[in-house]
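Encoded as structure tokens, the structure appears first; notes follow it.
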Amino acid sequence: MSLASVSRMEAKLLLPTYERQPILFVRGRGVYLWDSQGKRYLDFLSGIGVNALGHNHPAIQATIKRQAGRLIHVSNLFFHEYQATLAEMLTEISGLDRAFFCNSGTEAWEGALKLARAYARANNKNGSKSKTRILAMENSFHGRTFGALATTGQPKYRAPFVPLVPGVSFVKFNDLDDLQRQFDSSVCAVCIETIQGEGGICPVNKEFLELASRLTKKSGALLLLDEIQCGLGRTGRHFAYQHYGVLPDVVTVAKPLACGLPLGAILTTERVASCIHPGMHGTTFGGGPLACAVAIEFLREEKKLLKHVRALGEYFHAALEALDKKHKSILDVRGAGLMQAVELDSPDLAKAIARQLLEKGIIINRTHETVLRFLPPYVIQKKHVDQLVQALDAALHKNEQSTHKEKNFPTQRRKEIHAHA
């Protein structure tokens with residue numbers, strides 16, 4: 001089918017939830033995608049962090065073919081041979097004890113919120129006072145379902161669907177005083193993205209995360225970390241929180257876990273898991289044999305690539321910082337590992353740069369209006385980083401010369417921006 005025919009059919013038949021780029025992709029290999037016209041694209045978005053091993057990775061393809069020929073789905077009322085093995089691998093690398101498998105990141109986050117409320121109900125030593133409040137972060141993004149939206153600290157996502165799940169308050173991200181002020185014995189959970197992804201690649205400060213950990217431990221609340229985008233190798237560690245020396249009570253993961261097949265996971269401690277019993281939570285499709293078999297293979301490959309991700313991340317970050325020194329339109333460079341961002345001084349400029357890179361055959365995306373987000377596959381090489389940086393440099397030069405106006409630098413131009421390895 002042609003791009004035109006697919007586009008016409010979608011316009012007629014699908015809910016209008018996406019503004020798609022006018023490209024029809026038909027195949028991929030490694031760090032590249034090809035469209036229906038045969039044009040090749042360097043993929044620095046990897047399906048928004050999903051295709052962490054690139055496209056058509058041979059080990060993943062072999063696992064899919066083998067398992068699809070054996071067993072794709074059984075009900076969670078029965079056993080299959082992969083969930084326990086996958087749970088063992090995830091708990092070993094996370095430092096946590098138990099896992100629950102679901103279909104997506106937002107579903108994992110919903111389950112994490114349910115865990116927090118269930119744990120508080122079972123362990124509330126607050127007398128007759130309720131312990132149901134949830135502290136979430138401003139500028140956060142946790143997904144599209146009602147609980148996830150209720151804890152997403154960006155009004156543009158919440159506004160069309162209010163009223164949402166009650167009992168959520170928002171804390172200024174990385175503001176120790178605001179967290180201390182809003183935290184009390186009625187709080188059952190503090191919710192943090194270790195690195196805010198859709199919010200512009202903004203890492204949590206070490207002091208803020210440590211304070212959240214101390215407060216929750218002291219009061220019996222839970223520390224919930226969303227690592228759906230930044231987890232499973234993206235920062236050069238298995239989990240981004242491992243850069244900080246803080247262990248959460250609950251962590252959620254999803255995007256790269258099954259290399260494009262739907263799979264998310266909640267990881268938690270034995271203590272928290274004790275509040276759940278059969279019938280309190282479940283899933284029809286989550287943790288099926290095909291997705292779990294692929295996730296096991298992904299984790300084997302991810303472990304081999306962590307050192308490479310750290311080295312390439314440092315190289316990439318340094319190259320972007322060099323661009324920062326050349327271009328007045330760059331306000332900030334931030335990130336960790338292969339989760340990097342360049343913040344520009346105008347939404348129009350960011351939109352133009354993303355479009356022009358796409359025309360040059362390089363896929364990135366714009367998030368939070370002014371931020372260029374880079375989530376390349378873990379298998380990229382220095383030559384791919386160089387290609388991206390050279391194209392970005394040229395596009396910035398072109399647009400600055402034609403449209404750039406004098407700008408006012410923010411008072412806090414440089415933030416403490418990435419977790420220390």
Side-chain angles (χ1 to χ4, degrees), residues 46 48-50 52-53 89-96 99 105 108-109 112 136-137 139-143 151 153 173-174 189-213 216 222-257 264-269 298-299 302-303 305-314 316-317 332-341 367-368 371 373-378 415-421:
S46 59
I48 316 183
V50 170
L53 300 182
M89 295 173 79
L90 286 169
T91 53
E92 182 181 343
I93 63 175
S94 67
L96 297 168
W109 191 249
M137 300 298 119
N139 197 51
S140 61
F141 181 83
H142 295 289
T151 53
F173 189 52
N174 284 332
V190 175
C191 304
I192 300 174
E193 290 169 277
T194 318
I195 302 178
Q196 291 184 336
E198 193 282 336
I201 315 299
C202 301
V204 66
N205 286 346
K206 190 173 192 294
E207 295 78 10
F208 189 84
L209 188 58
E210 287 174 343
L211 175 61
S213 180
T216 50
L222 301 185
L223 177 60
L224 275 54
L225 295 187
D226 178 342
E227 296 227 354
I228 291 160
Q229 189 170 136
C230 65
L232 299 177
R234 176 58 60 185
T235 67
R237 303 288 180 199
H238 293 298
F239 296 88
Y241 65 77
Q242 291 170 335
H243 295 280
Y244 296 83
V246 169
L247 186 68
D249 299 294
V250 182
V251 64
T252 57
V253 292
K255 285 187 183 295
L257 182 55
I266 305 166
L267 306 175
T268 191
T269 63
F298 164 73
L299 290 177
E302 178 254 15
K303 186 176 181 180
L305 289 167
L306 292 177
K307 184 177 179 181
H308 174 77
V309 170
R310 290 196 296 273
L312 259 291
E314 290 174 5
F316 191 10
H317 192 80
D332 202 6
V333 171
R334 53 182 178 259
L338 293 180
M339 187 177 188
Q340 298 288 335
T367 189
H368 217 253
V371 177
R373 174 169 54 177
F374 310 104
L375 300 170
Y378 302 169
K415 307 173 182 73
E416 185 179 52
I417 43 79
H418 58 279
H420 298 289

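Side chains are part of it too, since the values below use all heavy atoms of this structure and drop only hydrogens, waters and symmetry mates.
Between A112 and V250, the shortest heavy-atom distance links the atoms CB-CG1, 3.8 Å. Here the closest non-hydrogen pair linking A189 and L224 is CB-CD1, 4.0 Å. Closest approach of L223 and D249 over heavy atoms only: N-OD2, 2.7 Å. Counting all heavy atoms, side chain and backbone alike, L222 lies closest to T216 at O-CG2, 3.7 Å. Residues I201 and G335 approach most closely at CG2-CA, 3.9 Å, considering heavy atoms. Of all heavy-atom pairs spanning A265 and A108, the tightest one is O-CB, 3.8 Å.
The backbone N or O of G231 sits nowhere less than 3.5 Å from a side-chain atom of Y241 that would complete a donor-acceptor pair. Using modelled atom types, one side-chain atom of Y244 and one backbone atom of V204 make a donor-acceptor pair closer than 3.5 Å. With Q242 contributing its side chain and I93 its backbone, the two residues share a donor-acceptor pair below 3.5 Å. In this structure, the side chain of R237 does not engage the main chain of H243 through any donor-acceptor pair within 3.5 Å. Without hydrogens or angle criteria, N174 side chain to P203 main chain gives a donor-acceptor distance under 3.5 Å. Counting only distance, with no hydrogens or angles, the side chain of Q229 and the backbone of G49 share no donor-acceptor pair below 3.5 Å.
Here CG of L232 is found 6.5 Å from CG of L299. Values are rounded to the nearest 0.5 Å. For the atom pair CG (L338) and CZ (R310), the distance works out to 11.5 Å, reported to the nearest 0.5 Å. Once rounded to the nearest 0.5 Å, the distance linking NZ of K255 with CZ of R234 reads 10.0 Å. Note: H142 NE2 to E198 CD = 11.5 Å, rounded to the nearest 0.5 Å. Taking CG of L96 as the start and OG1 of T91 as the end, the distance is 8.0 Å to the nearest 0.5 Å.
Using modelled atom types and a 3.5 Å distance limit, the side chains of E227 and T194 yield a donor-acceptor pair. Between the side chains of H238 and E302, a donor-acceptor pair is found at a separation under 3.5 Å.
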(request) Please step through side chain to side chain contact (heavy atoms under 4.5 Å, CB included) for the pair F141 and D226, ending with a clear verdict. (result) CA-CA 9 Å; F141 181 83; D226 178 342; over 6 Å; no
(request) Begin with the C-alpha distance, continue with both residues' side-chain angles, and end with the deciding distance and a verdict on side chain to side chain contact (heavy atoms under 4.5 Å, CB included) for M339 and R373. (result) CA-CA 8 Å; M339 187 177 188; R373 174 169 54 177; over 6 Å; no
(request) Kindly indicate, with the supporting measurements, whether the criterion side chain to side chain contact (heavy atoms under 4.5 Å, CB included) is fulfilled by S46 and Y378. (result) CA-CA 9 Å; S46 59; Y378 302 169; over 6 Å; no
(request) Check step by step if side chain to side chain contact (heavy atoms under 4.5 Å, CB included) holds for L375 and V50. (result) CA-CA 9 Å; L375 300 170; V50 170; over 6 Å; no
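Residues R334 and V371 form a side-chain contact, since some pair of their non-hydrogen atoms from C-beta on lies under 4.5 Å apart.
F239 pairs in a side-chain contact (heavy atoms from CB on, under 4.5 Å) with only one of the listed residues (L225, V253, L247), which is V253. Of the candidates I228, L267, T268, I228 is the only one forming a side-chain contact (heavy atoms from CB on, under 4.5 Å) with T252.
The ring pair (Phe, Tyr, Trp, His ring centres under 6.0 Å) search around F298 returns none, not counting sequence neighbours. Under the salt bridge (Lys or Arg N to Asp or Glu O under 4.0 Å) criterion, E92 pairs with no residue, sequence neighbours left out.
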